[in-house]
Enquirer: 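Before I ask anything, here is the structure I am working with.
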Protein chains: 2
Amino acid sequence: MLDRKISVIIIDDHPIVIEGLKSLLNGNPEIDITGTFTTGKEAVLLLKKEYPDIILLDINLPDVNGIDLCREIKTLVPEAKILALSNHTERNIILQMLSNGANGYLLKNISRQELLKAINAVRNGEIYFSSEINEIIAKPTRYELQGIPKLTKREQQVLDLIAEGKTTQEMGDQLNVSPLTIETHRRNLHYKFKVKNAAELIMAATRCKLL
Amino acid sequence: MLDRKISVIIIDDHPIVIEGLKSLLNGNPEIDITGTFTTGKEAVLLLKKEYPDIILLDINLPDVNGIDLCREIKTLVPEAKILALSNHTERNIILQMLSNGANGYLLKNISRQELLKAINAVRNGEIYFSSEINEIIAKPTRYELQGIPKLTKREQQVLDLIAEGKTTQEMGDQLNVSPLTIETHRRNLHYKFKVKNAAELIMAATRCKLL
DNA sequence: TTTTTTCTACTGGTTTTCAGGTATTTTAAA
DNA sequence: TTTAAAATACCTGAAAACCAGTAGAAAAAA
């Protein structure tokens with residue numbers, strides 16, 4: 001490891017977070033922060049020229065979705081280790097980041113010690129989670145286990161209108177289809193969410209963040 | 001202003017944020033960070049001895065609610081200016097902070113320039129909001145304007161059961177009252193939330209965080 | 001204690017949803 | 001291009017929800 005420093009780049013739109021990470025890492029002589037970016041585009045441009053060891057990646061970016069960006073970065077520089085950095089504690093977001101190639105997931109309340117531990121872990125090819133994240137992954141709720149139903153465009157439209165309190169008749173008028181068609185979509189929504197009426201449907205959809 | 005430096009204390013449970021704020025403010029010779037705290041209790045203890053000019057206060061703290069803490073701090077050191085620092089963009093949280101004595105509200109994506117601007121503004125007795133916050137305050141949504149309905153115990157019970165997908169009949173059995181009574185409660189819920197069916201009711205109640 | 005609110009229950013309606021179907025056309029995938 | 005999925009449309013009967021008004025008893029607040 002004494003051949004060269006660990007190069008780290010930071011992608012986060014919050015100046016506070018960038019400065020904070022710099023400050024937490026700067027004390028360490030092995031680490032060299034080679035770039036900080038506030039947008040996904042900027043970061044991607046640099047990655048076409050430079051190849052960092054570690055990428056600290058925020059999920060909430062102004063220009064692109066961090067989850068998609070993760071995949072893009074992994075294809076661009078597959079050997080770089082990506083550490084997701086976020087306040088999101090939703091199980092499926094964490095899993096999506098992993099499936100898109102992240103090597104670890106950290107919450108923003110992380111300490112200097114744990115940050116360094118995480119960086120070392122992913123350098124050694126391990127997958128690292130901060131302790132809260134470990135628990136979230138280990139304890140899926142009933143809804144998370146049953147998965148998020150995949151809705152068609154029409155079904156999503158109908159779902160949105162149901163949430164607005166529209167009646168089947170009104171929805172038919174608005175979408176220019178027969179109310180009988182709307183009833184079919186409604187029935188399919190009930191089936192997909194395993195619920196038996198509109199109230200329960202809205203609850204289920206809300207939990208799945210589909211509303 | 002040349003008599004002494006502006007003393008600032010920071011209350012935030014994220015090391016990254018504390019380091020970030022320090023780093024953003026340290027360059028300024030007029031500012032002196034006299035303390036950083038990761039819990040509300042620690043901060044309150046210090047405030048009984050020292051009186052800072054500016055308090056940068058996070059709303060999400062592990063031990064206490066930042067909104068309550070704001071009031072406590074304001075009673076303890078009324079002359080100190082409190083700048084709330086948070087990612088919350090919900091209108092009523094912002095207003096609660098103000099009503100509890102905050103002198104400004106900043107989002108955590110703030111830049112160094114704006115942070116300094118905010119500190120100067122509150123020092124001069126102004127109330128400061130970052131631009132996004134200004135917009136949120138200026139544009140209340142329909143729900144925010146109409147306020148949160150006050151429900152009776154029974155109504156809340158019925159609402160919960162509706163959210164579980166229970167029918168009027170089932171609710172009557174479960175609460176040992178006539179289904180006709182449940183219908184009355186249902187009707188009153190619709191009236192209070194200004195909605196016309198169960199789906200809309202669940203949406204409205206969810207927005208009001210009553211579910 | 002008086003007043004108000006809450007909970008309860010009823011009548012008599014109308015409207016909407018729900019749960020079975022069937023079937024054609026359009027769109028997307030293999 | 002064949003196949004599969006999605007969207008469309010229609011039907012019926014039963015169940016549930018919704019509306020509008022009334023009104024007594026119990027509980028809480030003034």
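All chains are named by letter (A, B, ...) in the order of the sequence lines, taking the proteins before the strands, and each is independently numbered beginning at 1.
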Enquirer: Considering the options A:Val44, A:Asp58, A:Ile82, which one meets the side chain to side chain contact (heavy atoms under 4.5 Å, CB included) requirement together with A:Leu69?
Expert: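 Between A:Leu69 and the candidates, side chain to side chain contact (heavy atoms under 4.5 Å, CB included) is satisfied uniquely by A:Val44.
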Enquirer: Using a 4.0 Å cut-off on heavy atoms, which residues in residues 168-186 of chain B reach DNA chain C? List them by number, or say none.
Expert: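 Correct list: B:Val177, B:Ser178, B:Leu180, B:Thr181, B:Thr184, B:His185.
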Enquirer: My understanding is that only residues two or more places apart in sequence, or in another chain, count here; which of them pass salt bridge (charged side-chain N to carboxylate O under 4.0 Å, His left out) with B:Glu164?
Expert: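 Here the qualifying residues are B:Lys166.
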Enquirer: Evaluate the side-chain proximity of A:Ile11 to A:Ile73: yes if any heavy-atom separation is below 4.5 Å, no if none is.
Expert: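 The answer is yes, as the side chains (C-beta and beyond) meet within the 4.5 Å cut-off.
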Enquirer: In what stems does DNA chain D take part, counting only runs of at least 3 consecutive Watson-Crick or G-U pairs whose two distances fall under 3.5 Å?
Expert: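 C:2-29 with D:2-29 - these are the stems of 3 or more pairs that involve DNA chain D.
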Enquirer: Any Lys/Arg nitrogen of A:Asp13 or B:Lys108 sitting under 4.0 Å from an Asp/Glu carboxylate oxygen of the other?
Expert: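 The answer is no: the pair does not qualify as a salt bridge.
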Enquirer: In whole Å, what is the span from the CZ atom of B:Arg187 to the P atom of C:dT15?
Expert: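 Whole-Å distance recorded here is 17 Å.
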Enquirer: Would you kindly give the CG-to-C1' distance between A:Leu161 and C:dT17, to the nearest whole Å?
Expert: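 It is 16 Å, rounded to the nearest whole Å.
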Enquirer: What residues, two or more places apart in sequence or in another chain, satisfy side chain to side chain contact (heavy atoms under 4.5 Å, CB included) together with B:Pro78?
Expert: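 So B:Pro78 forms no side chain to side chain contact (heavy atoms under 4.5 Å, CB included) with any residue.
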Enquirer: Looking at A:Glu19 and A:Pro15, would you say the former's side chain and the latter's main chain have a donor-acceptor pair under 3.5 Å?
Expert: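 Answer holds: no.
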Enquirer: Nearest heavy atom decides the nucleotide; on that basis, is A:Lys153 or B:Glu155 closer to the 5' end of DNA chain C?
Expert: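 Nearest nucleotide further toward 5': that of B:Glu155.
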Enquirer: Measure CG/B:Asn188 against C1'/C:dA9 and give the value in whole Å, please.
Expert: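 To the nearest whole Å, that distance equals 13 Å.
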Enquirer: Within this structure, what is the OH-to-P distance between A:Tyr191 and C:dG21, rounded to whole angstrom?
Expert: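 About 13 Å, once rounded to whole Å.
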Enquirer: Is there a residue in residues 195-211 of chain B whose heavy atoms reach under 4.0 Å of DNA chain C, and which residues are they?
Expert: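 Listed by number, there are none.
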Enquirer: Partners of A:Glu183 by salt bridge (charged side-chain N to carboxylate O under 4.0 Å, His left out), sequence neighbours excluded?
Expert: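 Listed in chain order: nothing, the list is empty.
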Enquirer: Can you see which heavy atom on A:Lys196 is nearest to which on B:Gly165, and at what distance?
Expert: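 That would be NZ-O, 3.0 Å.
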Enquirer: With side-chain hydrogen bond (donor to acceptor under 3.5 Å, both in side chains) as the rule and sequence neighbours excluded, what pairs involving residues 73-83 of chain B come up?
Expert: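 Sorted pair list: B:Lys74-B:Asn103.
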Enquirer: Which residues pass the side chain to side chain contact (heavy atoms under 4.5 Å, CB included) test with A:Ser86, sequence neighbours left out?
Expert: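 For A:Ser86, the residues satisfying side chain to side chain contact (heavy atoms under 4.5 Å, CB included) (neighbours in sequence not counted) are A:Ile59, A:His88, A:Tyr105.
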Enquirer: Looking at residues at least two apart in the chain, or sitting in another chain, which of them share a side chain to side chain donor-acceptor pair (under 3.5 Å) with B:Gln157?
Expert: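 B:Gln157 satisfies side chain to side chain donor-acceptor pair (under 3.5 Å) with B:Arg154 once adjacent residues are dropped.
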Enquirer: Please name all residues satisfying salt bridge (charged side-chain N to carboxylate O under 4.0 Å, His left out) with B:Glu155, sequence neighbours left out, ordered by chain then number.
Expert: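 Counting only residues at least two positions away or on another chain, B:Glu155 forms a salt bridge (charged side-chain N to carboxylate O under 4.0 Å, His left out) with B:Lys192.
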Enquirer: Students should find this one: the first and last nucleotides of DNA chain D, 5' to 3', lying under 4.0 Å from a heavy atom of chain A. What are they?
Expert: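 With heavy atoms of chain A under 4.0 Å away, the range is D:dA6 to D:dC11.
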Enquirer: Mind checking side chain to side chain donor-acceptor pair (under 3.5 Å) for A:Glu132 and listing every partner two or more places apart, or none if nothing turns up?
Expert: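 Once residues adjacent in sequence are excluded, the partners of A:Glu132 under the side chain to side chain donor-acceptor pair (under 3.5 Å) criterion are A:Asn109.
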